[in-house]
Amino acid sequence: MCGIFGYTGFRRLGPIILEGLKRLEYRGYDSAGVAFISSGLQVMKDAGKIDEISRKFNFSGIDGKLAISHTRWATHGAVTQTNAHPHISCNGRIAVVHNGIIENYIDLKRELISLGHKFRSETDTEVIPHLIEEFYRKTGDPLKAIFMAVSKLDGSFAFLAIFEDHPDRIFAVRYKSPLVIGLGDGENFVASDVPAFLKYTKKVIFLDDMEVAVISRNSVEVFNSLTREKVDKEIYIVPWSVEDAERGGYPHFMMKEIMEQRFTITRVLGQDDRIREASQLIKDAQKVFLVAAGTSYHACLASSYWFAEIAGVNARAVLASEFPSISKLVDDKSLVIAVSQSGETADVLESVRMAKKRGSKILGIVNVVGSSLMRISDAFLTINAGPEICVLATKSYTSQLTILYLLVNDLVGRLENAKEEIKRAETLVAHMLESEALLKDIRRIAKDLSASEHIFLIGRGISYATSLEGALKIKEVSYIHAEGFAGGELKHGTLALIEEGTPCIAIVPEDETKDQTLGNAMEIKARGGYIIGLSNEEHVVFDELIRTPSETSLSPIVMIIPLQLLAYYLALERGCNVDQPRNLAKSVTVL
Ligand code: AGP
């Protein structure tokens, strides 16, 4: 939920740090800071946006041997200068930046205060530099002090530490929060996510849980913090370009990533062997669970209809945060299909660990190569959608749907047919996204709806999942309360909410649910509702029509495009921060 970034090398520190933080801003943006060593350890930090803080402290003017930095999404402690990272030891000679939550910080803080340590902030993080200081004082060895400090921490933590006495080394620690090292020539980087340094290197090492890296400009050593032994790490080459991680002329990453769906949907193709391995896992399983959060959960829910209708498989979609409550159903004959764009969502990783303990096999479906989920899965599939920077998931959703569609069809020997249908769906998506008339229509409707307090979306069958995903898009970027629900549920309560002019989007693909959903729309209209139809043809009940192709086999992909665009234009109309919506972060790496 925060972004951390460290650099050691020959370049001027200021510009590198500023650039790295900006590329991580989607992970957290309520305060920022940097610690660097130049005639002693120095710290600059404050609440506010990175650009503001950078100007205030003239980040670009910073220079020295190395630096660690942080952009914060507050979990413990208000958004204040004192609570911003980095945090320092009592003697000010050790600085730490941290992503995660130290669950036992209250006990540790009490213990450290009893030893004479003075705390400045309300954060959980601040116990780390004081712990390290305590053990460094006893051992005189920075690495040993780190090992000992880590052994006292509970919770999730990816942190960087620097010592004034050792101005050539950054210490990096990873446990349940992501941390990746970028390997350069005469320079090295370490960050929460690859885009922070992708411009300089694609050679990366992904740290695993309970690993400590000692990073200098010409070397990287990795240790297991439990055995304290050195470990050899695989070097990955990240398959992304810098352009992938940049805005590419679009006003927002959200629009860029929506538009990229003209060609990202078919990027999942080309992993037939892994698809076959994955479908074998399904065939071998007696129970199949689809586990995810947020948008990824909606992709799972949609695919559960395909599993049932196409393959006759009962694949149960479960919210990752709810998984512990049903985990007793999981056993050594189960398969958990965990879906996560970031591959770092704490609820998903916790569910996977729980499932593994109960003997289940794990199939991971990720976008970020080398992510935690990918590395703890028995088998994995990648959606190859390229970096998704906007907090809102858009292209990753349609790619997740696509890979799940391939998987389901492979179960019944229809892999090649599915590939053709996917190529056709991508063509239809491209036509929609390149239609000026459609974009103009949706922008006009967004303007009309922008003052709405509530927006309802209805769908039946697989379009129920689309209604949930459309609602999530609208609410998380425009802050309008939007609710998706199964059309058949209207009369069971929700109809009471309909008043004169209440906007309701009816998702009406050319499938077996069409007539019933139109019937629901008429019930809403009869009570004053304002009906926006997502359909390939006009209907008397529609006050507005957003024309969609009559594609059916992949309707969740085709139907979500106008809803993503509607959410985007609603946010523009309402002056919302499109790429960094309030209170949200791209990857929820804390429970
Ligand atoms: C979707 O727009 C949100 N950003 C959020 O719901 C997201 O889908 C969820 O946090 C899951 O993220 P993941 O796919 O990286 O696990």
Side-chain angles (χ1 to χ4, degrees), residues 1 26-29 73 99 156 176-178 192-195 252-255 257-258 261 290-303 317-323 336-352 362 364-374 376-377 380-401 403-404 465-466 468-479 482 484 560-561 563-568 570-571 576-591:
M1 306 273 276
Y26 64 91
R27 298 178 60 88
Y29 29 82
W73 188 89
N99 173 30
S156 61
K176 291 190 179 178
S177 288
S192 303
D193 205 349
V194 167
H252 302 99
F253 279 111
M254 183 173 177
M255 189 47 132
E257 290 155 9
I258 288 173
Q261 294 171 112
L290 294 152
V291 179
T295 289
S296 301
Y297 167 73
H298 297 149
C300 290
L301 182 62
S303 74
V318 183
L319 282 167
S321 53
E322 293 299 309
F323 183 81
V336 165
I337 303 176
V339 181
S340 172
Q341 187 284 131
S342 63
E344 301 298 346
T345 295
D347 287 329
V348 174
L349 297 176
E350 203 57 27
S351 301
V352 166
I362 309 296
I365 297 180
V366 299
N367 187 35
V368 178
V369 171
S371 58
S372 302
L373 175 59
M374 179 184 130
I376 63 176
S377 297
F380 70 87
L381 296 168
T382 54
I383 64 171
N384 292 328
E388 189 174 67
I389 306 299
C390 177
V391 165
L392 275 81
T394 48
K395 62 177 183 175
S396 63
Y397 177 66
T398 48
S399 294
Q400 287 167 343
L401 287 168
I403 200 103
L404 286 159
T466 305
L468 296 177
E469 174 55 13
L472 177 60
K473 291 288 87 72
I474 290 171
K475 60 185 143 185
E476 66 175 328
V477 74
S478 75
Y479 313 153
I560 199 61
I561 300 299
L563 296 174
Q564 292 171 346
L565 290 166
L566 180 64
Y568 175 72
L570 279 168
C576 298
N577 184 329
V578 171
D579 286 329
Q580 298 165 11
R582 66 187 179 198
N583 307 338
L584 300 180
K586 180 62 179 174
S587 181
V588 183
T589 57
V590 291
L591 290 175

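All ligand and atom numbering here is 1-based and tracks the order in the structure. Below, all heavy atoms of this structure are taken into account, side chains as well, without hydrogens, waters or symmetry copies.
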Non-hydrogen side-chain atoms of L565 and I258 separated by less than 4.5 Å: yes
L392: numbered ligand 1 atoms lying under 4.0 Å from its heavy atoms: 2 (O)
Shortest protein heavy-atom distance from atom 8 (O) of ligand 1, along with the residue and atom involved: T295 N, 3.0 Å
N or O pair under 3.5 Å between S342 and ligand 1: yes
Residue pair T345 / D347, side-chain donor-acceptor N/O under 3.5 Å: no
Shortest protein contact, atom 9 (C) of ligand 1 (heavy atom only): A293 O, 3.8 Å
Polar contact flag for G294 and ligand 1 (N/O pairs, less than 3.5 Å): no
Protein contact of atom 2 (O) of ligand 1 - nearest heavy atom, named by residue and atom, plus distance: E476 OE2, 2.4 Å
Nearest non-hydrogen protein atom, atom 16 (O) of ligand 1: T345 OG1, 2.5 Å
Closest protein heavy atom (residue, atom, distance) for atom 14 (O) of ligand 1: S296 OG, 2.6 Å
Q564-E469 side chain donor-acceptor pair, cut-off 3.5 Å: no
Nitrogen or oxygen of V391 less than 3.5 angstrom from that of ligand 1: yes
Ligand 1 atoms in contact with K473 (distance to a heavy atom under 4.0 Å): 1 (C), 2 (O)
Carboxylate-amine/guanidinium proximity below 4.0 Å for K176 and E344: no
Atom 10 (O) of ligand 1: the protein heavy-atom neighbour that sits closest, reported with distance to 0.1 Å: V588 CG2, 4.0 Å
Donor on one side chain, acceptor on other, K473 and S478, under 3.5 Å: no
N367 side-chain N/O to G386 backbone N/O, donor-acceptor pair under 3.5 Å: yes
Residue-ligand contact E344/ligand 1, heavy atom below 4.0 Å: no
K586-ligand 1 polar pair, N/O distance under 3.5 Å: no
Donor-acceptor side-chain pairing of S396 and E388 below 3.5 angstrom: yes
Under 3.5 Å side-chain donor-acceptor pair for Q341 and S296: no
Any donor-acceptor pair under 3.5 Å from Q400 side chain to I365 backbone: no
